[in-house]
Each structure stands twice: as C-alpha cells, then as structure tokens.
Amino acid sequence: MTTPLLPDSLDSDLPNLALLPMGPSDRSHLLALLRLGDFAQDAFLATDTCGTIVYLNRSAERLFGYRHGSAVGLPVHALLPDIQDINHRLNQDSSRETLLWRGQGCSRQAQTLQLAGAVTHIPALSGRSHLYVMRPRRTGSLDADRQAEIAALVYRNTSEGMLVLDSKGFILDVNPAFVSLRGRAQSDVVGRHVRCLNSPCHDREFYRTMWRSVMETGCWQGEHWGQHVNGELYPEWLSINTSFGDDGEVHRRVMIFSNIAEIKQAEAIIWKQANFDRLTDLPNRQMFHDRLEQSIRKARRAGGRIGLLFLDLDRFKEINDTLGHAMGDDLLKEAARRISACVRQSDTVARLGGDEFTVLLDDIHENRDIQRLTDAILKALSQPFNLGVETVFISTSIGVTFFPDDATDAETLLNNADQAMYSAKADGRNRSHYFTSSMQERAQTRMRLVNDLHLALDQQQFSLVFQPIVDLHVGRVAKAETLLRWHHPVRGLVSPAEFIPLAEETGIIRALGDWVFHEATSQVAQWRSQFDQDIQISVNISPAQLRHEGLDLPSWASHLAHLGLLPQHVIVEITEGLLMDSDDERIRQQLEAFRQTGVRVALDDFGTGYSSLSYLRKFNIDFLKIDQSFVANLHSGSADHALCEAIILLAHKLGLKVVAEGIETADQYALLAQAGCDYGQGFLFSRPLAAPAFEALLSSQADLRP
Ligand code: C2E
Ligand code: MG
Ligand code: MG
C-alpha cells in the first residue's frame, strides 16, 4: 500500500500545506508539482518554514519506510539528519535557488541510507521552505553488472550445493554443486516444490518447525540428512536465507547445503579414541564412568538396583614379562572377548587399563544372577589361552558391589568394587568377593595407618630386631637378618606385612629403608668388634627403593667405610617378585651396581613367585632363601622335600648358597641339613631378637643344633 494520489482538496488532506505562507497562485503551482511528484521514481519531500515535513511522495515513503503520510509532521532532520548543514549552504548563497547534495538519510527502522539529491527553495517563499528530491546512492566500488558476474561465478563454482526458491517454495534453479551432491539433474528438480527434497530421516514436524522459522525470521540453519538419488543418506549442514524485494515482500529463498560427512566421520573417530580402548574395543575408563553415572541416574529415578564388578587378572604381569607384550595384548583381547560373552547385550564391559576390567549390570533383581555371572566369568577365564605356540593359564579375581545397597555415587561404588577385588586376591585369587562394610572399615583403618606412618620415623616409633641365621653344618650364628618393627602409640606392635606395603605406596619406604640400613650396619659393626666374630648382616630391601632414582649407593658405601665395615659383610635381601618387575633393566643395573661395591645379594622367599630359575642366571645372586611355606610341610618323602632337594642342588650348581627360612622343628632341620642346605633360620633356633638379646646369644657361642 502506498499513499493515495493527492486529492483535489489537498489543503484539507495536507493541513500543514495550508500553513505555508504563500499566495493562492503559488500554492496551486506547488500543488501541481506535488501531484506530479507522486508519480516520480525519485523521492520528494517538502518542509514548511519550521523544517516540519508537510509532504512525501510514494517513493520517499518507500525509501524511508513510512506509510500513509505517517512522516508528515515530523521534523525533517528525523529523516535527513545532516540537512541543517545543506540548508545553511543554500540559504547563504542568495544567488542559488538549488543545491545538489550527497548525504545520509535515516529510515524509520533506523537504517542509514546513502542518498544523493537536490534541494530547492519552494518558489516565492521566504528562504526556509524547501523541497528535497533524492534517490539512494550506490555505494561500494563495484557496479551492478560486475557484482552480478561475481555472484554468478561463486554460485557456479562453489562446492556448497545451492538452490533458489521462489516465494512459494518452488525451485527456480540449482547450482552444479547441488547436482553432484544429490545426483539429481537440474531438470529433475527445477519447477518442483522444495518438498520433493525432504529426507525420510526427518518427520513432518521437523520440516514444519524449520519452515515456520524461515517464515518468521527469514532464515534457518542446522544439521539435516540429505539423500542422494541412489538412496544413500549423508549428513549435511543446511542454511536457508531469504531475499526481500523493495516492497518488503519475500522475493527469493536460498538454500545452501554443505556435506559434513567427513567432519562427522572425523568427529566419530575422535570420539571413539576418547571413549574406547584401542586394544580390546571395549569402552574405556572415561566411557565407563559416563555409563555408570547414567545408570545411577536411571536407577535413582526408577528405584532400580545396579551391580558393579571389578576384575583383575591374576599374575598377568608375569605372563606379559615372560612371553612379551604382544602375547600379553593377545591375551587381553581374548579375555575381553570371553568376559563380554558372559554378559547380556545391555550390560557394559569396560577395560579400565592394564589387566583391569569392569562390568556394569543394570536392573539386578537376584544376587543369584550375579553369582552365576561371576562363576561363568571365572570359568571362562580359567580355560587355556592359546597364544600362538604357547598355551597359557590365568585366573581372575572379582570384586562385586551394588547400588544403592553399598553406595550411591560412582566414585564410592568403584572404590568398593576395587576393595572387594583386593580382598578376593588376598584370599587366594581366582574367586569373587562381595563388598562388605568391614572392607570399608579396613580401608579406613588403612588410611589412618598411612597418616600415622608419616609421623612414625620422626617420632622414633621404629625399632629393629635381629633373627640369627645359623650355619647348619656347625650350628653357629653366621648372620643376622634385620627385621623392622613399628611400635604404634595406640595400636601397639604393627606387623611389617601390614605397614611395609603402605610405606611402599606412600614412598616413605625410601627414608625408612635408609634408616634401617644405617642402623643395622652400625649395629653389626659394633658386634663384629665386640665379639670378634665373622658375622654378616642381612637387610631387606623393598622393590620401591630400587625404582625411580634408586638407592643412594655412594652414601651407603661411605657409611660402610666410615664404620670400617667391608661391603661383603652386608647382604641385601630382595624378593623374587622384584626380579620380574617390568622395569627389569633398571633394577638389574641397580643390583649390579650393588654387587660391584661388594655387597652380597640374597633372593628372598624363593618359590612364592614365578620361581623361574632363569632369573638366577640373569641376575648375579649369592644366596637363595627357600620360602618358609616349603619348609612348613617338609616331611621325608613329601613333594616339598623333593622340591627343597632339587632347589638346593640347582642352586649349588649355579654357585649359590642356600638359606632355609622358617625352620621350626628338629625334623625339618635334619632333612634340610641332609639335603646339603647351607644355612637355616627359624623359631627352632631363635625368634627375632632385640639387640641386647641377640648380643647375649652371640656371647654364649652356643651350638644351636637340636
Ligand atoms: P622375610 O624377609 O621373609 O622375613 C622373615 C619373616 O619370617 C619374618 O617375619 C620372621 O619373623 C618370620 N619368621 C622367621 N622364622 C620363622 C619361623 O620359624 N616360623 C614362622 N612362622 N615365621 C618365621 P616379619 O618380621 O613379620 O617380617 C615379615 C616380612 O616383612 C619380611 O619377610 C620382609 O619381607 C618384610 N620386612 C621386615 N623388615 C623389613 C625391612 O626392614 N624392610 C623391608 N623392605 N621389608 C621388611
Ligand atoms: Mg627377608
Ligand atoms: Mg623370606
């Protein structure tokens, strides 16, 4: 709608015009001019002497966005903000009646318009009534033809598919990229309604919402599934924009399609790497956490129960170390496959890392179901693993916990399952344990103990006891094994079996180990001079002391020198497990460095670990200590008897001396002595003794044989 033609009774329709101080003939001139103005392409605007708009033609209304004379009565600077300046110039030069100008206009929608035009005095009036004639000024450096050429170039050569619609949604044109993207010829789509491109992946509601947004705001963008003519679906990014005509009506709509299949693929790969374990393809720790949180939320809403299993393969490390990592990987893959085969499709099996797996079970009703499952997993994993030419047997330990019975948050549930798994391991492996509150109490006790351990060394709560190691041939004390004791201010005596692992985990073992070494060597130096006996001191070393930067050997050596003690008077006892540590080379070097100084090395608890005799060759070792578990069941003709004899024989062949641990009876002593065992240690001879008691034993020079 535009303003109606000026009626004959202009004076009444445009009352402001009547205010113009002019004579009747001038007024009729003006009216004639304005009547013509309504047909002009250029914008016409007339003001009275006060600068108030008294008239706009239709072009001016379109240009400034006003309708039906609504701008009449406004001050002219509302539409032409810098007009004061122009009027001033016109008024100053009395010889001029008309001035050409360029300037800015302001539309009703507050858009800035670039204008060019002319201003003139309205004839025969005092110089302050003006008639303005103007048109939009073309800006930018490109002319219209050039702009059109560039636009066409982009349209034809871009890799984005483009499609032009008329205002009713019929396809006017498509560009070549669209043709290749969809595999549809231009003639196949032009003239049809855009609806023909709707994809089966989206419902009617999707398209209704999309087009509603286009109607209301002129645009829409989002992900969309495009369909190739061969039926193949692919993800695309779709943007729809609208071009409006001068009259504000919809002129065209432009749709732009970008294929984002590759981006999506890359995203999927990144997502998979972040959430799945590369070796087994199972969800990883991150993904498992997400699923656990999700299950907990669901169970909370629906009042459900969740079961969480924590699995750790038993002695996997030994297999990894002896057969190599490639075989270890194969075993893990096969283990993952077997565990997955035991659970329902809806359950989650994840690999947290190393040889640790978890199983998440939603909707648990009966504990029996869990028991059946853990039994099935234990059985599946106990079947032989055929890894190339090798056949390997493993077992697994499983911890079980429930939501909401045991805990209601993911972190605690995982901790519980982990504790239950450790309890299964401690109970002999190859079994499942349910989490109990006593495990939690144990964990808390343990935490408190760790705190106390931090203070114990400074507060001198440690002491040493010494257990005689007897030369079995002559019955005399030949060496002393140093054993550490912790006198806890509240709990009393705490066993090293309990606190040594804590000291190892917390790193306290380094300072503690140094302290033991310094105390024990000082003690033996004193005894050697006091009793004139060739007695050696044996000190237990934890693997944790050899890891990382290792021991401070120079400081240990200078301490020995200061005491006047020869290195060969000192034996370090390392456990068999240590030699199988993955950090083999580093530990081997440390042991070698030890040996270089002249210190002797004993392999402790032999028989409890992987018991590979190849270690004995690989590492330079002086003594082998048969574990007390073999000695405990030693009867003439028993399997352990045969084993002890074999170990002693082999050790001697390799040039090692043998110490038997835990000799408690005269029979055990006799059998070991017969088998040629060199040294023995155990309650039969003496319990571990505090220094004064040990000194008494030394000075007695007793023959300790039964
Ligand atoms: P181990 O080195 O194998 O020490 C021998 C353990 O057997 C000692 O237990 C000793 O008291 C015990 N024992 C000795 N004779 C007999 C016997 O006839 N029958 C029985 N049943 N047991 C006997 P303890 O003192 O409780 O030490 C346990 C373990 O703690 C040690 O085993 C050792 O591995 C570790 N340990 C002790 N002191 C230290 C230390 O200063 N540093 C490190 N890293 N570990 C230590
Ligand atoms: Mg020992
Ligand atoms: Mg031992």
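Numbering of ligands and ligand atoms starts at 1, following listing order. In this text the structure is predicted, and so the values were computed from the model without any measurement.
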* Electrostatic pair Arg600-Glu573, nearest N-O below 4.0 angstrom -> no
* Determine whether any heavy atom of Arg687 lies closer than 4.0 Å to an atom of ligand 1. => no
* Describe, in one word, how the ring planes of Phe685 and Tyr669 are oriented to each other, choosing from parallel (under 30°), tilted (30 to 60°) and perpendicular (over 60°). => perpendicular
* To do: Return yes when Arg485 approaches ligand 1 closer than 4.0 angstrom through a heavy atom, no otherwise.
  => yes
* To do: Please state whether the rings of Phe517 and His559 are parallel, tilted or perpendicular, taking 30° and 60° as the class boundaries.
  => tilted
* Measure from the Mg ion (ligand 2) to every N/O/S atom of Asp604 and report the name of the nearest one. => OD2
* Just jot down the ligand 1 atoms closer than 4.0 angstrom to any heavy atom of Val516, in number order. => 41 (O)
* Please work out which of the three classes, parallel, tilted or perpendicular, describes the rings of Tyr434 and Phe402, given edges at 30° and 60°. => parallel
* Is Asp703 paired with Arg476 through a side-chain N to carboxylate O contact shorter than 4.0 Å? -> no
* To do: Please could you name the atoms of ligand 1 that Ser542 approaches to less than 4.0 Å, counting only its heavy atoms?
  => 44 (N)
* **Ligand-residue contact atoms, ligand 1 with Gly682, heavy atoms, under 4.0 Å** => 15 (N), 18 (O)
* To do: Check each atom of ligand 1 against the heavy atoms of Gln467 and keep those under 4.0 Å away; list them by number with element.
  => 14 (C), 15 (N)
* Given that the side chain starts at C-beta and the backbone is N, CA, C, O, which of these parts of Lys625 lies under 4.0 Å from ligand 1, counting heavy atoms, or is it both or neither? -> neither
* **Atoms of ligand 1 close to Gly662 [distance to a heavy atom under 4.0 angstrom, numbered from 1]** => 16 (C), 17 (C), 18 (O)
* Structure fact -> At under 4.0 Å between heavy atoms, what of Pro688 touches ligand 1? The answer is side chain
* **Option set Phe683, Phe685, Phe462, Phe499, criterion heavy-atom distance to atom 16 (C) of ligand 1, minimum** => Phe683
* Angle, OE2 of Glu481 through the Mg ion (ligand 2) to OD1 of Asn540 - 10° precision -> 90°
